[in-house]
Number of protein chains: 2
Amino acid sequence: MTGDTLTPGARRILEVASELFYARGIHAVGVDTIAAASGVTKRTLYDRFGSKDALVAAYLRARDERWRDRVSDALEAAGDPVSRVLAPFDVLGSWVADRGCAFVNAFAELDDPGHPGRALIDDEKRWLRALFATELERAGVDDPDGLALQLLVLHEGALVAQAVAAEPGAIRSARAAAAQLVAAARGGPGV
Amino acid sequence: MTGDTLTPGARRILEVASELFYARGIHAVGVDTIAAASGVTKRTLYDRFGSKDALVAAYLRARDERWRDRVSDALEAAGDPVSRVLAPFDVLGSWVADRGCAFVNAFAELDDPGHPGRALIDDEKRWLRALFATELERAGVDDPDGLALQLLVLHEGALVAQAVAAEPGAIRSARAAAAQLVAAARGGPGV
DNA sequence: GCTGGACTTCACTGATCTGTGAACTTAGTG
DNA sequence: CACTAAGTTCACAGATCAGTGAAGTCCAGC
């Protein structure tokens with residue numbers, strides 16, 4: 001629903017910018033590079049997106065949308081309430097590359113809280129936390145909000161450990177830890 | 001032992017660069033800005049550090065050193081084996097600011113694996129994982145390596161969630177989750 | 001009194017950065 | 001045919017980027 005109204009040139013610009021921003025970083029990639037790699041002139045880039053900041057925001061918005069779609073698909077595919085809770089961890093395996101979380105990386109580069117991208121980063125994390133809380137409540141655990149925060153921590157940590165610390169089993173390991181915490185919360189607080 | 005041999009000017013440069021790199025990002029801060037804010041000429045900066053990349057590496061090295069010192073102190077202050085395992089989480093509360101983990105942020109900006117800073121980032125994460133493993137072994141848990149990875153994930157996730165997701169309770173929550181996993185591992189795998 | 005280290009001053013280089021102005025082409029649509 | 005949207009070409013602005021060369025100042029220690 002977002003990417004449909006883009007002109008062919010704009011779509012190419014956004015695709016190329018997304019790859020380059022994610023792989024090399026936002027500040028490290030100039031608009032000239034993006035335009036050239038898109039087979040488009042810089043004029044077109046500015047006609048379509050207005051500014052580099054706006055292009056960065058479009059990049060984050062598009063990535064967020066794809067990510068949420070994947071999670072939603074995994075959620076539908078999951079059966080029991082516990083697999084639903086853990087669905088975001090299952091998506092991670094095929095989602096994350098060796099450059100970590102695009103939103104965390106963008107946060108590192110966007111020091112200005114007023115940058116249009118910052119609101120999107122905020123949104124993404126709040127969405128995931130809320131999703132955990134909703135599914136945990138459905139799964140019938142005590143204090144779904146508190147456990148949701150712990151699952152968010154595990155989720156973010158999995159991405160960081162996998163990429164930054166180059167730990168290949170981090171995602172699997174985080175999922176196991178999440179499963180254990182959920183099981184304990186369902187089994188009762190006395191365990 | 002590292003910062004002792006620095007000249008007064010170099011020390012000021014390193015202090016200022018550390019603050020600016022952390023607060024605004026590496027690419028966003030130019031050497032002119034650093035020199036000016038240090039009350040030093042650009043010539044001095046290059047005479048002392050040789051290049052911006054080398055200054056970035058010095059920044060990460062100094063920060064790593066301070067961090068390890070803090071963890072070592074907390075480790076000594078801790079009593080029982082379990083508090084020793086959880087000591088890094090206790091340091092986090094007073095360590096982390098609102099800009100997240102300096103090493104994760106640097107990773108986001110340094111896309112070149114050959115950058116001198118990348119090795120330092122790697123070192124830092126491997127050091128922490130090894131520390132968790134050592135302390136877990138001392139605490140007598142099964143599979144200390146596996147649990148160490150889970151604690152690393154919780155640790156990194158705590159920093160990210162606290163700063164990027166603006167979750168004020170993330171560190172406390174991560175510590176609680178870590179404590180629960182350790183307790184379960186000590187109580188026996190059947191729980 | 002001389003030497004060497006720390007640092008300054010200042011003028012550069014050449015590249016790269018984001019962003020713009022104006023005129024032109026091209027293709028599709030009423 | 002006329003209109004419009006998409007895109008091109010190209011020259012340009014003004015700033016900032018990392019990094020250098022050469023000469024000079026200041027001061028502590030031998």
Side-chain angles (χ1 to χ4, degrees), chain A residues 2-60 106 108-112 114-118, chain B residues 2-60 106 108-112 114-118:
Chain A
T2 300
D4 305 324
T5 57
L6 292 179
T7 66
R11 189 162 10 243
R12 268 180 356 250
I13 292 167
L14 189 52
E15 280 169 15
V16 166
S18 296
E19 277 180 25
L20 292 180
F21 283 154
Y22 181 64
R24 299 193 209 161
I26 292 170
H27 282 131
V29 177
V31 288
D32 296 86
T33 304
I34 295 170
S38 313
V40 142
T41 60
K42 204 164 47 162
R43 204 74 193 80
T44 300
L45 189 153
Y46 277 94
D47 282 347
R48 294 296 143 253
F49 292 95
S51 71
K52 184 182 178 179
D53 281 349
L55 178 57
V56 169
Y59 149 59
L60 292 172
E109 296 210 69
L110 306 181
D111 64 301
D112 175 17
H115 190 287
R118 285 288 292 269
Chain B
T2 299
D4 307 321
T5 57
L6 292 181
T7 65
R11 195 169 357 251
R12 267 181 357 250
I13 292 167
L14 189 52
E15 279 169 16
V16 166
S18 296
E19 275 179 28
L20 293 180
F21 283 154
Y22 181 64
R24 299 191 209 163
I26 291 171
H27 282 130
V29 177
V31 288
D32 296 86
T33 304
I34 295 169
S38 313
V40 141
T41 58
K42 203 164 47 160
R43 203 74 193 79
T44 299
L45 189 154
Y46 276 94
D47 282 346
R48 296 295 142 252
F49 292 95
S51 71
K52 184 182 179 179
D53 282 348
L55 179 57
V56 168
Y59 149 60
L60 292 173
E109 296 209 70
L110 306 180
D111 64 302
D112 175 15
H115 190 287
R118 285 288 291 268

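Note on naming: letters A, B, ... go to the chains in the order of the sequence lines (proteins, then strands), and numbering restarts at 1 for each one.
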**Study point:** Footprint string (nucleotides 5-21 of chain C, 5' to 3'): B base within contact, S backbone only, - free, heavy atoms under 4.0 Å
**Key:** -SSBB--------BBBB
Study note, to complete from the structure: First and last nt of DNA chain D near chain A, cut-off under 4.0 Å to heavy atoms, 5' to 3', are D:dA6 to D:dT9
Review point. Which salt bridge (Lys or Arg N to Asp or Glu O under 4.0 Å) pairs, counting each pair once, include a residue from residues 21-34 of chain B, with sequence neighbours left out?
Key: B:Asp32-B:Lys42
Practice item. For B:Asp47, check salt bridge (Lys or Arg N to Asp or Glu O under 4.0 Å) against everything at least two apart and list the hits. Key: B:Arg43
Revision key, fill the gap. Here the ring-ring contact (aromatic ring centres under 6.0 Å, His included) pairs for residues 20-39 of chain B, sequence neighbours left out, are B:Phe21-B:Tyr59
Point to revise | Strand-adjacent residues in residues 15-23 of chain A, judged by heavy atoms under 4.0 Å from DNA chain D | key: none
Exercise for review: Apply side-chain contact (heavy atoms from CB on, under 4.5 Å) to B:Ser38 and list each qualifying residue two or more places apart in sequence or on a separate chain.
Suggested key: B:Ile13, B:Val16, B:Ile34, B:Val40
Practice item. Please identify each residue that fulfils side-chain hydrogen bond (donor to acceptor under 3.5 Å, both in side chains) with A:Thr41, with sequence neighbours left out. Key: A:Thr44
Dump every N/O contact between nucleotides 25-30 of chain C and the protein below 3.5 Å, one line per pair.
none

Let me check something: any side-chain donor-acceptor pairs from residues 48-58 of chain B under 3.5 Å, sequence neighbours excluded? List them with distances.
unit_1, atom_1, unit_2, atom_2, d
B:Ser51, OG, B:Ala54, N, 3.1
B:Lys52, NZ, B:Ile26, O, 3.0
B:Lys52, NZ, B:Val29, O, 2.8
B:Asp53, OD1, B:His115, NE2, 3.0

